[in-house]
Amino acid sequence: MNMIDVLKEVGRGKRGARDLTYEEALQAAEHILGGTATPAQIGAFLAAERIKMESVEELEAFVLTCRKYAQRPALQQGIDFAGPYDGRVSSFIATFPTAFLLAAAGLPVTLHGTSPLPPKWGITLSILLKELGIHPEQAANELMARAAVTSGVTYMHAEAWCQPLKRLRSIRVELGLRTVLNTMEKLVDYNHSPYIVFGVFHNTVFERTAKLLNRLNYQSALIIQGVEGSEDLHINRPTRTYRLDAGHTTMEVIDPEMFGLEAELPEMTWTPAAQIRVTEEVLRGEGHMAFMNQVLLNGAVRLHVAGRVDSIEEGIYTCKLLLENGEAWRTYTGWRSVMQESLQAEAPSSSR
């Protein structure tokens with residue numbers, strides 16, 4: 001099936017379009033990710049799918065095809081933090097300090113992302129690294145891997161580890177729409193992680209996402225209607241989640257008040273510098289109570305998803321101890337030191 005045939009099926013309008021079969025979707029994904037489709041065809045396909053809405057089979061085909069084209073070294077198997085690549089506009093990126101908290105607890109963490117993308121054009125993990133003087137898009141992948149082995153935290157700059165994502169950026173920028181790629185890129189699973197926390201914006205996609213993650217054979221997953229569509233639980237109100245364990249799904253509402261952690265968030269203007277400052281305050285155990293509690297709750301829930309604790313309450317106790325005894329801070333500073341030293345050696349002209 002060539003791209004013109006694909007477009008005839010998905011581009012017939014809201015009433016006439018049909019979902020592609022799994023095999024047809026594999027062919028479409030191969031054309032787009034393999035580089036044989038033209039920019040016009042790719043743009044038309046992405047827009048048509050956005051109108052029609054992607055099926056589980058179509059999403060799975062794109063994820064598996066993207067994985068085929070990505071470097072997936074399986075440096076350390078643990079938990080994958082699958083947050084939005086379009087970033088944050090008005091909230092704390094709690095998943096960043098949470099990564100070092102979990103690594104300090106002995107659970108390897110995989111972070112991944114790119115420079116900002118549409119539709120939000122927010123602050124991304126890549127921007128946070130640049131604020132630290134680290135330029136991940138310029139670094140050799142083996143240097144990133146070295147920092148991962150040292151600390152337990154892997155950061156994959158997706159466009160370095162998966163070349164089709166780099167090639168498709170200009171088309172996505174021109175379209176400015178959320179597309180099938182926004183879901184696909186979060187599920188490349190660079191480290192073959194058995195566990196994942198996955199952020200969604202609308203609760204209407206819970207069931208579809210759960211079916212997708214089940215087909216992708218994660219051992220345990222938590223789909224979170226989190227802050228700005230991220231994998232971060234709210235701390236000032238309950239968060240709706242969908243838990244997937246061994247193929248079984250359950251809806252769960254996680255209420256910070258039940259754990260004595262609910263707190264009102266202070267008014268903040270979130271610049272990259274502010275994100276790093278608050279991250280480091282939290283990891284030193286000196287942060288604002290709301291942000292401290294948010295990281296504690298997210299850490300505890302993720303430890304529970306990975307089966308490292310028997311309850312969220314036990315996870316909170318574990319995380320508190322790691323902040324109080326300085327282990328989380330030492331994990332972060334060790335990772336930061338390796339990343340800065342390695343990348344300065346690789347690209348001294350671009351580092352601060």
Side-chain angles (χ1 to χ4, degrees), residues 79 81-99 101-102 119-120 122-125 128 178 182 186 195-210 213 220-245 249-271 274-275 277-279 281-283 285-306 309 311-320 323:
I79 188 166
F81 290 4
Y85 282 23
D86 60 354
R88 308 288 186 88
V89 175
S90 57
S91 62
F92 177 45
I93 306 176
T95 205
F96 188 52
T98 300
L101 188 56
L102 265 60
K120 283 207 302 284
I123 298 171
T124 65
L125 292 172
L128 295 190
R178 188 177 302 277
N182 290 73
K186 296 194 294 183
Y195 315 108
I196 188 171
V197 285
F198 186 94
V200 298
F201 197 82
H202 298 291
N203 61 20
T204 54
V205 301
F206 272 148
E207 187 173 348
R208 182 178 61 171
T209 305
L213 297 185
S220 181
L222 190 67
I223 306 163
I224 302 170
Q225 189 184 9
V227 182
E228 292 192 64
S230 76
E231 73 279 29
D232 281 346
L233 298 160
H234 295 274
I235 200 62
N236 57 342
R237 62 179 176 84
T239 304
R240 296 185 69 179
T241 71
Y242 223 64
R243 179 73 179 262
L244 175 67
D245 277 303
T249 57
T250 54
M251 177 75 76
E252 298 179 357
V253 176
I254 298 177
D255 188 349
E257 186 176 11
M258 291 182 60
F259 307 104
L261 295 176
E262 185 177 31
E264 288 302 314
L265 292 163
E267 291 290 331
M268 293 281 294
T269 299
W270 287 111
T271 63
Q275 292 280 357
R277 175 177 57 79
V278 174
T279 288
E281 288 172 350
V282 167
L283 290 172
E286 303 168 356
H288 187 285
M289 182 181 70
F291 304 127
M292 293 281 292
N293 288 359
Q294 189 175 20
V295 171
L296 285 173
L297 182 61
N298 277 281
V301 167
R302 296 175 201 198
L303 286 175
H304 190 230
V305 168
V309 293
S311 66
I312 294 175
E313 289 87 351
E314 182 186 348
I316 292 170
Y317 175 83
T318 300
C319 290
K320 278 183 176 178
L323 289 177

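Throughout, numbering of the chain's residues begins at 1 and tracks the sequence.
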Interatomic spacing from [atom1] in [X] to [atom2] in [Y] - rounded to 0.5 Å:
X      : Y      : atom1 : atom2 : answer
Met268 : Phe291 : CE    : CZ    : 5.0 Å
Ile254 : Asn298 : CD1   : CG    : 8.5 Å
His288 : Glu281 : NE2   : CD    : 10.0 Å
Glu262 : Asp255 : CD    : CG    : 6.0 Å

| Do Thr249 and Arg243 have a side chain donor and acceptor closer than 3.5 Å? | no
| said: Quiz question: by atom type and distance under 3.5 Å, do the side chains of Ser220 and Asp245 form a donor-acceptor pair? | reply: yes
Quick check: do [X] and [Y] have side-chain heavy atoms less than 4.5 Å from each other?
X      : Y      : answer
Phe81  : Thr98  : yes
Ile79  : Val197 : yes
Phe92  : Gln275 : yes
Arg208 : Val205 : yes
Phe259 : Leu297 : yes
Phe96  : Leu125 : yes

| query | At their closest point, which heavy atom of Pro256 faces which heavy atom of Arg237, and how far apart are they? | reply | CD-O, 3.5 Å
| task | Taking all heavy atoms of Glu228 and all of Pro84, pick out the closest pair and write down the distance. | result | O-CG, 4.3 Å
| field | Steps toward salt bridge (charged side-chain N to carboxylate O under 4.0 Å, His left out) verdict (Arg302, Asp232) | value | CA-CA 10 Å; Arg302 296 175 201 198; Asp232 281 346; 3.0 Å; yes
| Counting heavy atoms not belonging to Met258, are there more than 12 under 6.0 Å from its CE? | no
| task | Specify whether Phe206 and Tyr242 have parallel, tilted or perpendicular ring planes, treating 30° as the upper limit for parallel and 60° as the lower limit for perpendicular. | result | parallel
| said: Please evaluate residues Thr241 and Ile223 with respect to the criterion side-chain contact (heavy atoms from CB on, under 4.5 Å), reporting the C-alpha separation (whole Å), side-chain torsions for both, the decisive distance (0.1 Å), and the verdict. | reply: CA-CA 5 Å; Thr241 71; Ile223 306 163; over 6 Å; no
